[in-house]
There are 2 protein chains.
Amino acid sequence: MKKEHDIRYELSAKKLKITPQRVKVLEAIYEMDNHPTTENVIDYVRKSDPNISAGTVYNILEVLVKNDLIKKVKTEKDVMRYDGMTENHHHLYCKQCDYIEDYTNSELDKILKDYFEQNKIDNFIIDEIKLSISGNFVIHKNKNH
Amino acid sequence: MKKEHDIRYELSAKKLKITPQRVKVLEAIYEMDNHPTTENVIDYVRKSDPNISAGTVYNILEVLVKNDLIKKVKTEKDVMRYDGMTENHHHLYCKQCDYIEDYTNSELDKILKDYFEQNKIDNFIIDEIKLSISGNFVIHKNKNH
DNA sequence: ATCCCAATTACGAATAATTCTTATATAAGA
DNA sequence: TCTTATATAAGAATTATTCGTAATTGGGAT
């Protein structure tokens, strides 16, 4: 189900120093439920490394984003969330609970690609197309409903 | 080009009291360039109403969002932005400058509608589908590049 | 037109999220 | 092992936002 990650390899492939803090932050994002906030990551990592500094986690997350090892997730809430899946995919946003689910479908991506090939946007070069699908889960996925 | 807004009517249609502060905040969002931040709105409004309180602007923006007179814009930056266009539309995000442009196309919306009618998402009822199109403007639209 | 009151605003203090500064520690190449 | 550029810890500082309270006011009722 979940893709296996060789964290140390991923870091070194980006020429980043392998530090225990970076390994644990990446591990946290891969293992946590779903699109964690910075606070979620700090809490998770502190379970095994109680002394990690909040500033360090902020710093590491920024480094990981810059090196495309994780992505920021846009939300309408104030807090930023992070996503360990770096392949292009879409998001389902639940309007009632706080849950964001990944949605992947290559047919859909093909449809979008075709559409924009036939409908170039003037003065704009597209790099990435992501859908924000808002709605409601019939059965909610977390407790914060 | 720009849709005319009867701000006082829009407020009263939502059963909101018409106050000078609310009128000016809505006016600011409609007249400002592009998806302003709260700070942008405060600065703009203070040009004609130097004593408006920041807290009031935060409060008004929240009221306007709750009443669907404006929308929040998801961004990867920390600050929230607002959008006076409430009809469904998509956004072009420039990776270099800080500019967000609206993108509307009913053919595209139809394609998406058809796709999701044929590809129901299990356990999820779709309310709204928006594209986040990231890329680069060939000729940048603002100074903050 | 005036009165009244619930709703709204101003103000500033409080909180929360994030960044910055500086000293210390450490990963990894030589 | 040594060296040094880079990363981390700690906490102060900054920034964005919320909250509490008193004063003001829009608009319905009279």
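Within every chain, numbering begins at 1; the chains are lettered A, B, ... in the order of the sequence lines, protein sequences first and strands thereafter. Heavy-atom basis, side chains included; hydrogens, waters and symmetry copies ignored.
The closest side-chain heavy-atom distance from T104(B) to H90(B) is not below 4.5 Å. The shortest side-chain heavy-atom distance between L92(B) and F137(B) falls under the 4.5 Å cut-off.
Distance from the side chain of S53(A) is smallest for dA9(D) among the nucleotides dT18(D), dT9(C), dA9(D). Checking dA16(D), dT9(C), dT8(D) against the side-chain heavy atoms of E39(B) singles out dA16(D) as nearest.
Atoms CG (N67(B)) and C1' (dT8(C)) sit 14 Å apart, rounded to a whole Å. In this structure, CD1 of I52(A) is placed 11 Å from C1' of dA7(D), rounded to the nearest angstrom. At whole-Å resolution of the value, CG in N51(B) and C1' in dT8(C) are 16 Å apart. The CG-P distance, from D49(A) to dA10(D), rounds to 10 Å in whole Å. As a whole-Å value, the separation of M80(A) CE from dA16(D) C1' is 14 Å. Look at CD1 on I60(B): it is 10 Å from P on dT8(C), rounded to the nearest Å. For the pair E62(A) CD and dT19(C) C1', the interatomic distance rounds to 9 Å; values are reported in whole Å. Atoms CG (L11(B)) and C1' (dG26(D)) sit 12 Å apart, rounded to a whole Å.
With respect to the salt-bridge test (charged N to carboxylate O, under 4.0 angstrom), the residues D109(A) and K113(A) do not qualify. The existence of a salt bridge linking K110(B) and D114(B) is confirmed by a sub-4.0 Å separation between a basic side-chain nitrogen and an acidic carboxylate oxygen. In this structure, R22(A) does not pair ionically with E10(A), as no charged nitrogen and carboxylate oxygen lie closer than 4.0 Å. Note on E39(A) versus R81(A): no salt bridge recorded, every NZ/NE/NH1/NH2 to OD/OE distance being 4.0 Å or above.
The 12-atom threshold is not exceeded at NZ of K66(B), counting heavy atoms of other residues, nucleotides or ligands nearer than 6.0 Å.
Distances shorter than 4.0 Å separate none of the side-chain N or O atoms of Y58(A) from OP1 or OP2 on dT19(C). For the OP1/OP2 pair of dT18(D) and a distance below 4.0 Å, the side-chain nitrogens and oxygens of N59(B) include no atom meeting the criterion.
Contact detail for I52(B) and R46(B): the closest heavy-atom pair is O-NH2, 2.9 Å.
Residues of residues 14-24 of chain A having a heavy atom closer than 4.0 Å to DNA chain C, listed by number: K17(A), I18(A), P20(A).
Recorded end-axis angle for the helix from dA1(C)-dT30(D) to dA30(C)-dT1(D) stands at 40°, based on five pairs per end and rounded to 10 degrees.
Cation-pi check for K95(A) over Y93(A) is not met; the charged atom does not lie both under 6.0 angstrom from the ring centroid and within 45 degrees of its normal.
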